[in-house]
Amino acid sequence: MNVTVIGTGYVGLIAACCLANSGHKITGVEKNNTKLDMLRQRKSPIYEEGLDEILNKVIDNGSISFTDDLATAMDTADLVIIAVGTPSLTDDRVDLSQIFAVAETITALANKPLTVVMKSTVPPGTGKMLVERYFSKSEQQISYVSNPEFLREGRAVWDWYNTDRIIIGSQDTEAANQLNELYADLNVPKIHMDVTSAEMVKYASNAFLATKISFINEIANLCEYVGADIDAVAPAVGMDNRIGKQFLHAGLGYGGSCFPKDTKGLRFIASYYGYPFSVLKAVMEVNSAQKIRGMRKLLTALDNNLYNKKIALLGLSFKPGTDDTRESPGIDIAEMLISEGAQVHACDPLALASSQTLLDSDHISFHEDPYQAVSNCHAIVLATEWPEFIHLDWQKIKAAMQAPYVLLDGRNAIPKESIQNLGFHYLSFGRATN
Ligand code: UGA
């Protein structure tokens, strides 16, 4: 199939490369010249495990090319995939300006019947509005399909090939069948439904996962009061298949470009209809409070005074396996530490460059080597559970620090007995150690 993918961010680039790898002929459209140059030089603008190999392979076998010229790219396309950004606005609404601009252009350029596939995350009701406002005005037949993605950053290529389901939202049977064909090599359930329901599946999925995280964080907090241990509780709760084991890991809470944005977006939609989505509101509040709870633990351990204290911050990306720092708990912690007057020694395997622009202060230094970062520090905050950090030589780390050797494990990731035996003042969430 000839497919044009508009936008080569996380979603667009993974989709473009993986579809090209399945034998489709892909044109990736990117208007940012720096990104376009990188892609043409076979360099991925984002870090994603396994992506470079696929990118090189599909460029070599001629199944993908990149351009900034949408008009030419659309000439040969059977299908146009929209994968442009939909960031949050300050009032929590989703900024659809890039979607509107692309929809308008597609409508103006269409010179033959076309199927438009929406992969960007857009609020329920958007597809209907786009059809009414733009696509139905074209002289050509433009069919619309909502096809949300469920890829995790850092695992996106793996997720593409191992997804639990493919959601195909369309009232047009022919267009929906084109999507069956597009994903013919993926032997997973392909679920057909209307456009608005498909859009809702995406928001409901992310909101539910965020709910699981906030729920287990509340249970972990309660474990601290009653003297239970979340390490025993969470896995046992998750063994009930109706609940499931995943996303029951307590810590500093969720970050990233998806859960924070999508929970805000869903809350906004609910409030637009006058519906008080109380559970979602609580999920978001718990998530914000969790970072403050972590800071309180640190403060208490450091005599309620962080001024001039040297704190090593291990982890700036919002989770391991990515260089993405959007809404990262590590970045929030850095900002809080800086505002308390601490000297922050930050370290991350991939996210130093992006963090340096976000955290511009005399109170922070950036280190590639964790042993150098912890040197002479009073405390460490582990904000991202990179394996590189978990498997550090903790004896060597302690030897490089100064008293009182506080370690706030913001991800409950380090085996607690061994670390306590080394003499750390170890803090975590709900693990009967605090
Ligand atoms: C999330 C979803 O998992 C994907 O299915 C979805 O496609 C994607 O958003 C999206 O909408 O594009 P992602 O944001 O990449 O993926 O990362 P996750 O692995 O879901 O983690 C999100 C955050 O939750 C991270 O900060 C992580 O540290 C935190 N988390 C995760 C926890 O605090 N506890 C857990 O048990 C699991």
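Each residue takes its place number in the sequence, starting with 1. One-based numbering, in listed order, for ligands and for the atoms of each.
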Inset, instruction - Using a 4.0 Å heavy-atom cut-off, say whether R411 meets ligand 1 through its side chain, its backbone, both or neither. - result: side chain
Legend entry - Note: K57-E53 ion pair, threshold 4.0 Å (strictly below): no
Inset, instruction - Could you check atom 6 (C) of ligand 1 against the protein and tell me its nearest heavy-atom contact, residue, atom and distance included? - result: L151 O, 3.4 Å
Inset, instruction - Would you check, one step at a time, whether the test side chain to side chain donor-acceptor pair (under 3.5 Å) holds for Q290 with N221? - result: CA-CA 9 Å; Q290 203 65 7; N221 297 342; 3.1 Å; yes
Legend entry - Where ligand 1 meets K202 - atom numbers and elements under 4.0 angstrom, heavy-atom basis: 6 (C), 7 (O), 10 (C), 11 (O), 12 (O)
Inset, instruction - Answer yes or no: does atom CG of D91 have more than 12 heavy-atom neighbours from other residues, nucleotides or ligands under 6.0 Å? - result: yes
Inset, instruction - Test the K396-Y371 pair against the cation-pi criterion, namely NZ or CZ under 6.0 angstrom from the six-membered ring centroid and within 45° of the ring axis. - result: yes
Inset, instruction - Please work out whether the ring planes of H367 and H345 are parallel, tilted or perpendicular, with thresholds of 30° and 60°. - result: parallel
Legend entry - R152, portion touching ligand 1 at heavy-atom distance under 4.0 Å: both
Legend entry - Residue, atom name and distance, where the atom is the protein heavy atom closest to atom 37 (C) of ligand 1: F247 CD2, 3.4 Å
Legend entry - Close approach, G256 and ligand 1, non-hydrogen under 4.0 angstrom: no
Inset, instruction - Starting at CZ of F150, measure out to CG of L209 and round the result to the nearest 0.5 Å. - result: 10.0 Å
Legend entry - NZ/NE/NH1/NH2 to OD/OE distance under 4.0 Å, E149 and K202: yes
Inset, instruction - Please say whether P329 places an N or O atom under 3.5 Å from an N or O atom belonging to ligand 1. - result: no
Inset, instruction - Please could you name the atoms of ligand 1 that G253 approaches to less than 4.0 Å, counting only its heavy atoms? - result: 33 (O)
Legend entry - L89, T90, T86 screened by side-chain contact (heavy atoms from CB on, under 4.5 Å) with D95, the one that passes: L89
Legend entry - Check: E30 side chain, D68 main-chain N or O, donor-acceptor pair, under 3.5 Å: no
Legend entry - Atoms in ligand 1 flagged as close to N206, the criterion being non-hydrogen separation under 4.0 Å: 2 (C), 6 (C), 9 (O), 10 (C), 11 (O)
Inset, instruction - Mark yes or no: R293 above the aromatic ring of F429, with NZ or CZ under 6.0 Å from the six-membered ring centre and no more than 45 degrees from the axis. - result: no
Legend entry - H363 and its side-chain contact (heavy atoms from CB on, under 4.5 Å) partner, picked from I338, L337, V344, I311: I338
Legend entry - Protein contact to atom 9 (O) of ligand 1 [nearest heavy atom, distance to 0.1 Å]: C258 CB, 3.2 Å
Inset, instruction - Taking only heavy atoms of E153 into account, list the atoms of ligand 1 that are under 4.0 Å away from them. - result: 15 (O)
Legend entry - Identity and separation of the nearest protein heavy atom to atom 34 (N) of ligand 1: H249 O, 3.0 Å
Inset, instruction - Note the single closest protein heavy atom to atom 32 (C) of ligand 1, along with its residue, its atom name and the distance in Å. - result: I213 CD1, 3.6 Å
Inset, instruction - Give the ring-plane orientation class for W394 versus F424, where under 30° counts as parallel, over 60° as perpendicular and anything between as tilted. - result: perpendicular
Inset, instruction - Among all protein heavy atoms, pick the one closest to atom 5 (O) of ligand 1 and tell me residue, atom and distance. - result: F150 O, 3.1 Å
Legend entry - Min heavy-atom dist T121 to ligand 1 below 4.0 Å: no
Legend entry - Option nearest atom 26 (O) of ligand 1 (shortest heavy-atom distance, choices A156, G255, P320): G255
Legend entry - Heavy atom of the protein closest to atom 18 (P) of ligand 1 (residue, atom name, distance): K319 NZ, 3.6 Å
Inset, instruction - Please identify which atoms of ligand 1 are closer than 4.0 Å to at least one heavy atom of Y254. - result: 23 (C), 24 (O), 26 (O), 29 (C)
Inset, instruction - Just let me know how Q246 lines up against ligand 1, side chain, backbone, both or neither, with a heavy-atom cut-off below 4.0 Å. - result: neither
Inset, instruction - Would you kindly specify which portion of F259 sits under 4.0 Å from ligand 1, judged on non-hydrogen atoms: side chain, backbone, both or neither? - result: side chain
Inset, instruction - Answer with yes or no whether G251 contacts ligand 1, where contact means a heavy atom under 4.0 Å from a ligand atom. - result: no
Inset, instruction - Please determine which of I269, T196, D262, L266 meets the side-chain contact (heavy atoms from CB on, under 4.5 Å) test together with P123. - result: I269
